[in-house]
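Numbering of residues begins at 1 and proceeds along the displayed sequence. Every number for a ligand or one of its atoms is a count from 1 in the order of the listing.
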Amino acid sequence: MPAELICFEAACRARFPIHQILYNCPHCGGLLEVAYPDGTGDPEGWKRLWRERRMSNAPLDQSGVWRYRELIPFLEDFSPVVTLREGNTPLLESPQAARYGGLDRIQFKHQGFNPTGSFKDNGMTCGAAQARRLGMRRVACVSTGNTSASMAAYASAGGLQPIIFIPHGNISYGKLAQAIEYGARTLQIEANFDEILALVRVLAERIGIYLLNSINPFRIEGQKSIVIEMLDQRDWEAPDWIVLPGGNLGNTSAFGKALRELLALGLIRKTPRLAVIQAAGAAPFYDFIRTRGEFRAVENPETLATAIRIGDPVSWPKALREVECSVGVVEKVTEQEIADGKAQIGKAGIGCEPASAATLAGIRKLTAAGVIRPDADVVAVLTGNVLKDPDYVYKYHTGTLTAPDGSAICPTFGNQPQRLPNDPDVIEKALTRD
Ligand code: F0G
């Protein structure tokens, strides 16, 4: 039996052919996911095969997503695949960052090493493949920046026309620059992310463009490979915790799905707990988990971590299931905590964009609260590259960064460039004094 689309809602579970163009269940409006026939695999054989593929020069094998194609088997043939050799991102240790986070040790799975500098590439290679398989010509997304950069690259590389919708004035220049350079038709709309998503969904139907937001279940399939590759790099030893930032909550959904499938196939023996960290000014999922009332969107989400400036995350029902299944937690962190966490990751020689740093800030909070033990085995997922938002970096280190509410961010770990005259004596004095 081939792969299918299945409604996520427990009361519905309607099934649809894999090549039907759907973003939500036509019966109940629920989210869709890709389902595979109850598979039996050969875990040990696969593990060996995936290692062998690292020595191959075949494009599919070189991709850190398609290398694991046995776990994302939604294509019958691989001709629609567009790969820029996504994935293949390192697991980095940092004793300094671990100390800051209150841990004995920490590993960062750095998705910023991807071709367009964020984890979106892992999912986009799958979304673009599905678009091509369906014979679509135009693809679109609304984005806080990284999805658009990634979609622009994969669409253009695959001969599709990318159209991106972004909130006017609220994405970093690094990301906007990428989308333009990769040839996307770029529309800056005077509305926030959530409003534009609603708009784009109407337009997608009207003018027949294929939506590549994380509501697209094929992107979620690709993002599973972040966890799969991480476990491969750890010789299939699951950590105690996987910590990640939460915005639209696609990654949380993808990680949880990957872990459940890996456990069912016998590739891992235990499930790590997920810790999802939101920015305090855009934390609807945190509020929901704390109160367990109705899910309430945050109307005017605000954070300098613009990648996660999302008030109405579409994937929250899936993310809820994954947090529950993994006995996970959701935490929120302030602008100051994100900024300082980011500077620590930078000082460790690793670097990341602001949203990614919510992880270390969240870990520091969770270890202080006794939720994560100091000796826990923790992997934090850094979602984007430090160069995505250089403006933020410069402002933090020079003490000119202000939070959305107008308060100043303290450059706790600031590293201000010094301006000196062209005079060896003065320079010598300056350097010997420090
Ligand atoms: N980190 C970065 C760097 C991101 O770009 C995003 C999302 C997230 C974290 C949150 O991930 O949505 O799966 O919970 N960026 C999207 C975009 C929304 O449009 O680029 P999530």
With respect to [X], determine whether any N or O atom, backbone or side chain, lies less than 3.5 Å from an N or O atom of ligand 1.
| X | answer |
| --- | --- |
| Ala355 | no |
| Asn248 | yes |
| Gly250 | yes |
| Lys175 | no |
| Gly384 | no |
| Thr144 | yes |

Check the side chains of [Y] and [X] for a donor-acceptor pair under 3.5 angstrom, ignoring hydrogens and angles.
| X | Y | answer |
| --- | --- | --- |
| Gln344 | Arg364 | no |
| Tyr36 | Glu261 | no |
| Glu229 | Asn122 | no |
| Gln223 | Lys257 | no |
| Thr383 | Ser118 | no |
| Arg133 | Gln130 | yes |

**Report entry** Side chain Lys224, main chain Leu71, donor-acceptor under 3.5 Å
**Finding:**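 Pair found, side chain donor or acceptor close to backbone of Leu71.
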Keeping Gln111 on the side-chain end and Val381 on the backbone end, is there a donor-acceptor pair under 3.5 Å?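 Judged by distance alone, no pair lies under 3.5 Å.
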Can you tell me which portion of [X] lies within the under-4.0 Å heavy-atom range of ligand 1? Options are side chain, backbone, both, or neither.
| X | answer |
| --- | --- |
| Ile308 | side chain |
| Lys120 | side chain |
| Glu353 | side chain |
| Ala307 | both |

Counting heavy atoms not belonging to Glu190, are there more than 12 under 6.0 Å from its CD?
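12 or below, so no.
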What protein heavy atom sits nearest [atom], and how far away is it?
| atom | value |
| --- | --- |
| atom 11 (O) of ligand 1 | Phe119 CZ, 3.5 Å |
| atom 5 (O) of ligand 1 | Asn146 ND2, 2.8 Å |
| atom 1 (N) of ligand 1 | Thr383 OG1, 2.7 Å |
| atom 20 (O) of ligand 1 | Thr147 N, 2.8 Å |

Q | Euclidean distance, Ile164 CD1 relative to Leu212 CG, rounded to 0.5 Å | A |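 CD1 of Ile164 is found 12.5 Å from CG of Leu212.
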Against heavy atoms of [X], which atoms of ligand 1 measure under 4.0 Å?
| X | value |
| --- | --- |
| Ile310 | 18 (C) |
| Ser143 | 17 (C), 19 (O), 20 (O) |
| Leu249 | 12 (O), 13 (O), 14 (O), 21 (P) |

Would you call [X] a ligand 1 contact, heavy-atom distance under 4.0 Å?
| X | result |
| --- | --- |
| Gly246 | yes |
| Leu244 | no |
| Thr252 | no |

Quick one: side chain to side chain donor-acceptor pair (under 3.5 Å) pairs with a partner in residues 17-32, sequence neighbours left out?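 Sorted result for residues 17-32: Asn24-Arg201.
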Identify each donor-acceptor pair in which a side-chain atom of residues 272-282 lies under 3.5 Å from a protein atom, sequence neighbours left out, and give them as a table.
| unit_1 | atom_1 | unit_2 | atom_2 | d |
| --- | --- | --- | --- | --- |
| Arg273 | NE | Val327 | O | 2.6 |
| Arg273 | NH2 | Val327 | O | 3.0 |
| Gln278 | OE1 | Phe285 | N | 3.0 |
| Gln278 | OE1 | Tyr286 | N | 3.1 |
| Gln278 | NE2 | Gly246 | O | 3.2 |

Counting C-beta onward and ignoring hydrogens, is there a side-chain heavy-atom pair between Ile72 and Ser225 closer than 4.5 Å?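 Result no, sub-4.5 Å side-chain heavy-atom pair not found.
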| Which one of Ile164, Asn251, Val314 has a non-hydrogen atom at the shortest distance from atom 13 (O) of ligand 1? |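 Closest candidate by heavy-atom distance is Asn251.
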